[in-house]
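No experiment lies behind these values; they were computed from the predicted model shown.
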Amino acid sequence: MRFAQYFSAVDSHTEGMPTRVITGGVGVIPGETMAEKRLNFIKNHDHVRRLLVNEPRGHAAMSGAILQPPTRQDADWGVLYIEVSGCLPMCGHGTIGVATVLVETGMVEVTEPVTTVRLDTPAGLVLADYDTRTKLVTIRNVPAYAHELDAVVDVPGLGEVRYDMAYGGNFYAILPLEQLGIPFDRAEKDRILAAGLSIMDRINAVNRPVHPEDRAIGGCKHVQFTAPGEDGAHSRNAMAIHPGWFDRSPCGTGTCARMAQLHARGELGIGADFVNESFIGTRFIGRLLEEVPLGDRTAVLPTVAGRAWITGMGQYLLDPTDPFPEGFSL
């Protein structure tokens with residue numbers, strides 16, 4: 001039997017969030033930088049993303065990455081992030097998954113006790129330290145910052161909603177779930193998700209955030225509903241994501257944005273650990289290394305640590321007679 005396309009991949013999950021790392025079949029995407037490659041992929045190759053993350057090969061919360069040759073000399077690999085919501089500039093749990101796949105499959109040279117993988121991403125250079133003893137991956141992310149504090153948006157059906165907007169590789173509207181009068185309970189997931197989608201729609205309509213140094217990075221696709229931490233966690237979150245799903249992991253870039261928000265409010269100091277728990281109870285450990293300038297802003301350099309586990313390896317095929325060449329979703 002002849003197939004039109006073969007895609008090689010390694011599947012894993014990062015603290016509960018499924019990640020598919022595409023290692024072959026896509027080819028090299030044109031672009032002088034990973035940011036340019038991302039825009040080229042969105043414009044000309046988005047059918048490949050849909051093919052690999054939609055059903056029947058993926059599912060409603062699929063996330064992944066496509067390995068590319070790096071566009072900068074100080075990187076080992078280039079990474080394009082893909083998921084059902086689109087192609088993000090940066091993905092924390094995705095980076096942890098990519099680093100784990102590269103080390104555990106031997107695609108990078110392993111050094112003991114820590115193997116450092118330098119990844120060229122659309123948001124900038126990201127370093128991932130894989131601890132060979134514990135499988136813990138610590139990523140040193142791009143600068144994070146508080147974009148706006150105490151912003152207010154009027155949302156149909158919810159009324160006036162107060163939120164902070166912060167950036168940690170993507171933009172996040174952050175607010176306590178109790179503000180909406182909804183319990184932090186997975187039984188309330190439909191109400192929480194509907195509220196998150198309504199809030200991000202209104203923010204993008206009336207107060208869309210844009211990165212101070214890269215105007216190609218803008219818009220809010222995440223609403224981080226927070227709750228007090230339990231059993232050693234400093235905070236919990238229910239992360240509503242466009243177009244309608246929850247992050248199963250604690251969210252790496254979301255943890256970075258949350259730390260930047262708390263630092264801007266004077267509630268998290270440089271060097272202090274921050275334990276962030278997901279909606280399903282998994283955890284990342286974050287830390288702020290230092291303050292750095294970002295355009296006319298003051299940003300922070302964050303790290304996030306978590307683990308990923310490889311769950312499978314295989315080839316994903318596209319038959320030319322398949323009536324759903326880009327997959328499907330409901």
Margin query: Could you check whether Arg283 pairs with Glu15 (Lys NZ or Arg NE/NH1/NH2 to Asp/Glu carboxylate O, under 4.0 Å)?
Written below: no
Discussion item. Surrounding CZ of Arg236 (heavy atoms of other residues, nucleotides or ligands, distance under 6.0 Å), is the total greater than 12?
Written reply: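 Check passes, neighbour count above 12.
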Keeping the roles fixed (side chain from [X], backbone from [Y]), state whether a donor-acceptor pair exists under 3.5 Å.
| X | Y | value |
| --- | --- | --- |
| Arg162 | Leu149 | no |
| Gln261 | Ala257 | no |
| Asp76 | Arg118 | yes |

Q) Hey, does Ser63 have a side-chain heavy atom less than 4.5 Å from the side chain of Tyr81? A)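 A side-chain contact under 4.5 Å is absent here.
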For this session: Decide yes or no for Cys251 and Tyr172: does some side-chain heavy atom of the first lie under 4.5 Å from some side-chain heavy atom of the second?
Result: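 The answer is yes, as the side chains (C-beta and beyond) meet within the 4.5 Å cut-off.
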**Prompt:** Please, which pairs that meet side-chain hydrogen bond (donor to acceptor under 3.5 Å, both in side chains) have at least one residue in residues 188-217, sequence neighbours excluded?
**Reply:**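 Every side-chain hydrogen bond (donor to acceptor under 3.5 Å, both in side chains) pair that includes a residue of residues 188-217, provided the two are not neighbours, is Glu148-Asn207, Tyr163-Asn207, Glu188-Arg191.
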(request) Identify the two heavy atoms, one from Ala238 and one from Phe184, that lie closest to each other, and give their separation to 0.1 Å. (result)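 For Ala238 and Phe184, the tightest heavy-atom pair comes out as N-CE1, 3.6 Å.
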Looking only at heavy atoms, the pair that brings His147 and Arg297 closest together is O-NH1, 2.7 Å
Problem set entry | Arg265/Asp150 under salt bridge (Lys or Arg N to Asp or Glu O under 4.0 Å): CA gap, chis, key distance, verdict | CA-CA 11 Å; Arg265 288 191 168 278; Asp150 294 318; 2.7 Å; yes
Thr253 and Tyr167: side chain donor to acceptor below 3.5 Å
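No donor-acceptor contact under 3.5 Å links the two side chains.
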If you measure only the distance, is there a donor-acceptor pair under 3.5 Å linking the side chains of Thr116 and Asp129? yes
Please assess Asp46 against Arg50 for the test salt bridge (Lys or Arg N to Asp or Glu O under 4.0 Å), listing each intermediate value before the final yes or no. CA-CA 6 Å; Asp46 194 57; Arg50 296 193 295 270; 2.6 Å; yes
Of Val98, Ile22, Val10, the one forming a side chain to side chain contact (heavy atoms under 4.5 Å, CB included) with Leu67 is Val98
